[in-house]
There are 2 protein chains.
Amino acid sequence: MRILTWNINSVRLRIDLLMRLIDETDPDVICLQETKVVDDAFPAKPLAERGYAHSVISGQKSYNGVAILSRLPLTATGVKDWCGRSDCRHVFATAAGVEVHCLYIPAGGDEPDPAINDKFAHKLQFLDEMTGWWPTARSAKQPMVLAGDLNIAPLEHDVWSHTQLLGVVSHTPIEVEKLAALRRTLGWIDTARRFVPSEEKLYSWWSYRARDWQASNRGRRLDHIWVTPPLEDSLRACSILRAVRGWEPKPSDHVPVILELAR
Amino acid sequence: MRILTWNINSVRLRIDLLMRLIDETDPDVICLQETKVVDDAFPAKPLAERGYAHSVISGQKSYNGVAILSRLPLTATGVKDWCGRSDCRHVFATAAGVEVHCLYIPAGGDEPDPAINDKFAHKLQFLDEMTGWWPTARSAKQPMVLAGDLNIAPLEHDVWSHTQLLGVVSHTPIEVEKLAALRRTLGWIDTARRFVPSEEKLYSWWSYRARDWQASNRGRRLDHIWVTPPLEDSLRACSILRAVRGWEPKPSDHVPVILELAR
DNA sequence: GGGGTCTCAG
DNA sequence: CTGAGACCCC
C-alpha cells in the first residue's frame with residue numbers, strides 16, 4: 001500500500017503535474033493540501049477517470065483546502081474543524097483498514113510571538129487542541145497514518161541552518177516542542193526519519209523566493225507522514241520526492257512524500 | 001521602407017512575440033499600442049540590441065501606452081495629449097523624411113451613448129479634437145503616416161456582421177462618420193483597402209471571449225495605417241498579419257499591420 | 001516569488 | 001477571455 005502526500009498549492013493549476021506524479025509513483029491513497037478550491041470546482045472527474053474514484057474533499061475559496069483521493073474504497077470519512085474555524089485543514093478516511101488523516105497545520109505568519117501575531121497564536125492553539133484530542137478520540141492500537149503539511153521542521157537537520165532558523169516560524173523551540181507533544185500522544189512514528197538518519201539534511205520545501213532553489217538549497221522539512229505503532233513493522237520505505245521541486249511548468253514550493261507499507 | 005503597427009496588449013508580456021514578429025517582417029519602424037508599462041520599465045534594451053535604437057515612448061501604469069521604435073534615426077519626436085488628459089495615446093516622430101504618428105484611440109466602453117457613457121463621450125471628443133487639429137498643425141503636402149489602433153471599423157466588411165454591429169461600439173454610424181471626417185482632414189488614404197477590395201471581409205482584431213476565434217471568425221478591422229497623398233505613389237503593400245492571432249503562447253487579440261513604401 | 005481573489009478595462 | 005494591479009497568504 002502506497003500513501004502519498006503533497007502540498008500542491010492549487011490543485012487546479014497543477015492537475016497536470018499531479019497526473020504525472022501519479023504515473024510515476026502509482027499511489028493507492030493521495031493526500032493533498034492547499035488545494036485552494038471549493039468542492040464544486042475540485043477536479044474530481046479527471047482523478048476518478050485516472051482510477052481515484054473515492055474521495056473526501058474539503059476546500060474553501062482561495063485559502064487552504066485538503067483532500068484524500070483513493071483507488072481503494074474509503075469508509076468512515078470525515079472532516080474535522082479546529083479552533084472553532086471551518087477552514088478546511090483536516091479530512092480523514094479509512095482505506096483497507098488503515099485510518100488516514102490528511103492535515104494542513106496553519107503556517108503561523110512571520111512573527112513568532114503569539115501575543116503580537118494572531119496567526120502564530122492560531123498555530124499553537126491548533127497544536128494544543130490536536131494534542132488533547134487524539135488520546136480521547138483514537139487509540140494508539142489502531143493502524144493510522146497522519147500525513148500532510150505540518151508546517152514545522154522538528155529536527156536540527158530538517159532545516160538548512162538550525163541556528164539561523166531558531167527564531168523563524170516553522171523551527172522555533174515552542175513549535176518544535178508542541179509538535180513533539182503531538183507526536184507523543186499516540187506514539188506516532190516519523191517515518192521519513194526511519195529511513196534517513198537524523199544527522200542527514202532532509203527537506204520537503206524550498207521557498208519560491210530563492211533565485212535558484214537548488215543552488216542555495218535553503219530547504220525545510222515541513223511535510224510529514226507519521227504512523228501509529230501497529231504499522232511500525234509494515235514500514236517499507238518513505239521517500240521525499242525532491243526532483244518534483246523542479247518539474248515544469250510551475251512547480252509547487254513543496255514536494256510530495258510517499259510512504260510504502262507492506263499491506 | 002516598412003512600417004509596422006501592433007496593439008501588443010502588454011509589451012512586457014509579449015516581448016518574445018515581438019522579437020519573432022521582427023524576425024519575420026523586418027520592419028524599419030514599429031508602432032506599438034497598449035504597451036501598459038511606464039517608460040522606465042519599457043523593454044527598450046532588447047529592442048535596441050535587436051537594431052531598434054531610436055524610440056519615442058509614452059506609457060503609463062496598467063492602461064494605454066504607445067511607442068515608436070525605429071532602426072532609422074528619429075527626428076522631431078513628440079508626445080501629444082488629447083481631451084486634456086495625459087493618457088499616452090499619441091506619439092510621433094520623423095524617420096527618413098516621413099512623419100509617423102502612432103495612435104491609440106479610446107475604445108469607448110460598451111454603451112454607444114455619450115450621454116450615459118463617459119468613455120464613449122471621450123472617444124467622440126477625441127475624434128473631434130483630432131479632426132480640428134490636423135489642418136491647423138500639419139499640411140496634406142507632408143509625407144505622413146498615421147498608424148495604430150483606431151478602435152473603429154469603418155466599412156461594412158470591416159466587421160463580421162454590419163447589421164449586428166450597427167449598435168456596437170466600434171462600428172456605430174456616429175463613430176464611422178467621425179472617423180471619415182478625420183480621414184478627410186488631410187485626404188488620408190486607408191492603405192489596407194488599397195490592396196483589398198472593400199467587398200472583401202478584412203479584420204485585425206478577434207475577441208478573446210470567443211471559444212475559437214478562427215472558427216467563429218467574428219473579427220473587426222480596428223487597426224489601420226493611413227498615409228497622406230504625397231505617399232500615394234509609394235504604396236507597395238499593406239498586409240494584415242492574421243496568423244499572429246494564433247501565435248503561442250498568449251497571442252494578443254489584435255494582429256499587426258505592415259505597410260511597405262517604395263522609399 | 002508565486003499562488004488566490006477582486007476590480008477595472010479591453 | 002485576458003491584461004494589470006491591489007491585497008492576502010505562504
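Below, chain A is the first sequence line, B the second, and so on; all start at residue 1.
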*Specify the residue among S62(A) and D253(A) whose closest nucleotide of DNA chain C lies further upstream toward the 5′ end.*
D253(A)
*Find the distance Q60(B):CD to dC8(C):C1' and express it as a whole number of Å.*
13 Å
*asked:* From C-beta outward on Y63(A), which listed nucleotide comes closest to its side chain: dC9(D), dG10(C), dC10(D)?
replied: dC9(D)
*asked:* Check the phosphate of dG3(D) against K250(B), side-chain N and O only, distance under 4.0 Å to OP1 or OP2. Yes or no?
replied: yes
_From dA4(D), dG2(C), dC10(D), nucleotide with atom closest to K119(A) side chain_ = dC10(D)
*Could you tell me the separation between the CG atom of N64(B) and the P atom of dC8(C), rounded to a whole number of Å?*
17 Å
*Picking from dG10(C), dC10(D), dA4(D), which would you name as closest to the side chain of Y104(B)?*
dG10(C)
_Of the listed nucleotides (dG5(D), dG3(D), dC10(D)), which one gets closest to any side-chain atom of R12(B)?_
dG5(D)
_Between C1' on dT2(D) and OH on Y208(B), what's the gap in Å once rounded to a whole number?_
6 Å
*Determine: side-chain N/O of S10(A) to OP1/OP2 of dG4(C), distance under 4.0 Å, yes or no.*
yes
_Options dC6(C), dG3(C), dA9(C), nucleotide nearest the side-chain atoms of N9(A)_ = dG3(C)
*Please report, rounded to the nearest Å, how far the P atom of dG3(D) is from the CG atom of L32(B).*
16 Å
*Do the charged groups of D253(A) and R220(A) touch, with an N to O distance under 4.0 Å?*
no
*asked:* What is the distance, to the nearest angstrom, from the CG atom on D118(B) to the P atom on dC8(C)?
replied: 14 Å
*Rounding to a whole Å, what distance do you find between N151(A):CG and dC9(D):P?*
15 Å
*Does R14(B) make a side-chain N or O approach to OP1 or OP2 of dA4(D) shorter than 4.0 Å?*
no
*asked:* Between the side chains of D128(B) and K178(B), is the shortest nitrogen-to-carboxylate-oxygen separation below 4.0 Å, so that they form an ion pair?
replied: yes
*Please determine, for the side chain of E34(B), which listed nucleotide (dG4(C), dA4(D), dG10(C)) has the closest atom?*
dG10(C)
_At less than 3.5 Å, do the side-chain atoms of R209(B) and the base atoms of dG10(C) form a donor-acceptor pair?_
yes
*R193(A)/D158(A) ion pair, N-O < 4.0 Å*: yes
_Pair D23(A) + R50(A), salt bridge at N-O below 4.0 Å_ = yes
*K61(A) vs dC6(C): side-chain N/O to OP1/OP2 distance below 4.0 Å*: yes
*So what does R220(A) touch, heavy atoms closer than 4.0 Å: a base, only the sugar-phosphate, or nothing?*
nothing
*Might you confirm whether atom CG of N217(B) has over 12 heavy atoms from other residues, nucleotides or ligands at distances under 6.0 Å?*
yes
_Rounded to whole Å, how long is the line connecting atom CD1 of I8(A) with atom C1' of dC10(D)?_
16 Å
*Within less than 4.0 Å of OP1 or OP2 of dG5(D), is there a side-chain N or O belonging to K36(B)?*
no
*Below 4.0 angstrom, N of the basic side chain to O of the carboxylate: do D212(B) and R218(B) qualify?*
no
*For atom CG of D87(B) and atom P of dC8(C), their distance in whole Å*: 19 Å
